[in-house]
**Student:** 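Shown below is the structure under consideration.
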There are 2 protein chains.
Amino acid sequence: MPRKTAEAPRAAERILTTAGELFYREGARAIGVDEIVAKAGATKPSLYRAFGSKDQLIARYLQDQAEQFWAYFDAAVEPHAGDPKAQLLAFFDVLTERTTRKGYRGCGLSNAVVEYPEPSHPGRQVAVDHKADLRKRLRDLTRAMDARKPKKLADGLLLLIEGAYITSQLFGSDGPAGAAKSAAEALIEAHTRQAPDPNPSAA
Amino acid sequence: MPRKTAEAPRAAERILTTAGELFYREGARAIGVDEIVAKAGATKPSLYRAFGSKDQLIARYLQDQAEQFWAYFDAAVEPHAGDPKAQLLAFFDVLTERTTRKGYRGCGLSNAVVEYPEPSHPGRQVAVDHKADLRKRLRDLTRAMDARKPKKLADGLLLLIEGAYITSQLFGSDGPAGAAKSAAEALIEAHTRQAPDPNPSAA
DNA sequence: AATTTTCCGTACCGGTCGGTCACATGAACG
DNA sequence: CGTTCATGTGACCGACCGGTACGGAAAATT
């Protein structure tokens, strides 16, 4: 057995990327630490030295997921700076593109909240914080487009987004996720149209 | 061989209800068979004689979840027979009531799909079938209300429903789920208004 | 009462779970 | 050279995982 003394990628890094793929594809609860280190070409002590516990590794994976989310969110939004409605719709475009890809497994952060209902789980907290950030970001955008009820519009859009994530797992590429953008358009239209208010409830 | 129908609480029955509560609250993957039988006051052989395997027990639990769903769906819809728009909104009322309850854990069927991505899992199949039924039911209603694009409207509503389920877990009782009904109203309005079509894409 | 049929519990299986230990190895750097 | 730091080795842990062989209790049937 020749020692292959691997070069660049440190063990911790290999473990993190491997764990990330497995957690996302199969679910964090379904994957054991033994499988992670085996597929990463590493060993358990390396995992525990670098991350402390499986739960912390999950939290770290979810932080990366949140970062990736903002990366593609910002990328979608950036070309339309100053036009919040166009920004929102551009995001729904990339959302549609992602959620209708075959084998898409939804949002890793939302999935983690389903897998770990205990409020104390470190991964759950990462996910909850991220979704609060997203809600706030959507509110900023709906306020900037002078929606009549920015909070309510933002929440409606968030429902569509989360719905797209999970229905993509339920129905595959021909699911309701494909209707997310047009629904978003209708919601935005309803909240910005000058005509009579179609939804006279309180915000 | 007349019916057995003794009114005694059979072990299998106790196991099923106990497992149902645990699966729903904690997630199926988080619960072991030992915990189920212990809390049900039964033993493992009773579980395996009655249900064959843990996966089949999960499938059975999900069938019950689907039944319960249709029970409250039909109950909400029944008083407004003949008025599909009122039926839909009545369902969104009970949905809101449920999803804004403290400690609500979302839809057991959607949660199961997140926990079990493998298409072959018997529980997943129950969940996927049920959601296909729901999609069809929504389409029937949107068609009955003469929506311009019944499929697209139904899919938009389904996104809101699923979004409400999971955001209730993410945000608790003050989450976006409270905005589901008004968003549904806006979507319905957009698809049934006589004025210009706000969403000229294909169904 | 005796027997068949239905139901259920004791005890146990091999495997895997997350996690830890002491120690060896090897490259990097001064 | 020797030290430091990161990593691998391999054994080990107790708890728990899903699953089962087998035999006893309890009804229903005769």
**Student:** Side-chain N or O of A/R14 less than 4.0 angstrom from OP1 or OP2 on D/dG8?
**Tutor:**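 A/R14 to D/dG8 OP1/OP2: side-chain N or O found under 4.0 Å.
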**Student:** Without decimals, in angstroms, what is the distance between B/D34 CG and C/dG15 C1'?
**Tutor:**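 About 14 Å, once rounded to whole Å.
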**Student:** Please list, by residue number, the residues of residues 42-50 of chain A whose heavy atoms come closer than 4.0 Å to an atom of DNA chain C; answer none if no residue qualifies.
**Tutor:** A/K44, A/P45, A/Y48
**Student:** What does B/I15 touch in the nucleic acid at a heavy-atom separation under 4.0 angstrom: a base, only the sugar-phosphate, or nothing?
**Tutor:**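 It contacts nothing in the nucleic acid.
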**Student:** So with a 6.0 Å cut-off around NZ of B/K181, is the heavy-atom count from everything else above 12?
**Tutor:** yes
**Student:** Over all heavy atoms of both residues, which pair between A/Y24 and A/G106 is shortest? Give the atoms and the distance, please.
**Tutor:**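 Result for this residue pair: OH-O, 2.7 Å.
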**Student:** Quick test of your reading of the model: are B/R98 and B/D93 salt-bridged, counting only N-O distances below 4.0 Å?
**Tutor:** no
**Student:** Please list, chain by chain and in numerical order, all residues satisfying salt bridge (Lys or Arg N to Asp or Glu O under 4.0 Å) with B/E115, sequence neighbours excluded.
**Tutor:**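 Here no residue qualifies.
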**Student:** Answer yes or no: is there a side-chain heavy-atom contact under 4.5 Å between A/T192 and A/R148?
**Tutor:** no
**Student:** In whole Å, I'd like the distance from the CD1 atom of B/I31 to the C1' atom of C/dC17.
**Tutor:**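 The answer, rounded to whole Å, is 16 Å.
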**Student:** Output the rounded distance in Å from CD (B/E35) to C1' (D/dG18).
**Tutor:** 14 Å
**Student:** Under 3.5 Å, is there a donor-acceptor pair linking the side chains of A/K131 and A/S110?
**Tutor:**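 Side chains of A/K131 and A/S110: pair found under 3.5 Å.
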**Student:** Would you kindly give the CZ-to-P distance between A/R10 and C/dG26, to the nearest whole Å?
**Tutor:**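 A/R10 atom CZ is separated from C/dG26 atom P by 16 Å.
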**Student:** Would you name the heavy atoms of B/P119 and B/Q125 that are closest together and state the gap between them?
**Tutor:** O-NE2, 3.5 Å
**Student:** Kindly say whether A/R25 contributes a backbone atom to a donor-acceptor pair with the side chain of A/R105 at under 3.5 angstrom?
**Tutor:** yes
**Student:** Mind checking B/I36 for me? I need base, sugar-phosphate or nothing, with any heavy atom below 4.0 Å counting as a touch.
**Tutor:**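 The answer is nothing, as B/I36 stays clear of every strand by at least 4.0 Å.
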**Student:** Which residues in residues 51-63 of chain A have at least one heavy atom lying under 4.0 Å from any atom of DNA chain C?
**Tutor:**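 Nucleic-acid contacts, sorted: A/S53, A/K54.
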**Student:** Rounded to the nearest angstrom, tell me the gap between atom CG in A/L16 and atom P in D/dT7.
**Tutor:** 13 Å
**Student:** Please check if the side chain of A/H191 supplies one atom and the backbone of A/L187 the other of a donor-acceptor pair under 3.5 Å.
**Tutor:**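 Here the side-chain-to-backbone pair exists.
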**Student:** Show the atom names and distances, to 0.1 Å, of all donor-acceptor pairs under 3.5 Å that link a side chain in residues 35-47 of chain A to residues at least two apart or in another chain.
**Tutor:**
{"from": "A/E35", "atom 1": "OE2", "to": "A/K39", "atom 2": "NZ", "distance (Å)": "2.9"}
{"from": "A/K44", "atom 1": "NZ", "to": "A/D34", "atom 2": "OD1", "distance (Å)": "3.4"}

**Student:** Pairs in or reaching into residues 137-163 of chain B: which pass ring pair (Phe, Tyr, Trp, His ring centres under 6.0 Å), with residues at least two apart or in two chains?
**Tutor:** none
**Student:** Using heavy atoms and a sub-4.0 Å distance, could you list which residues of residues 18-26 of chain B are near DNA chain C? By number, please.
**Tutor:**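 Result for residues 18-26 of chain B: none.
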**Student:** What is the distance, rounded to the nearest whole Å, between atom CZ of B/R29 and atom C1' of C/dG18?
**Tutor:**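 Value for this atom pair: 16 Å.
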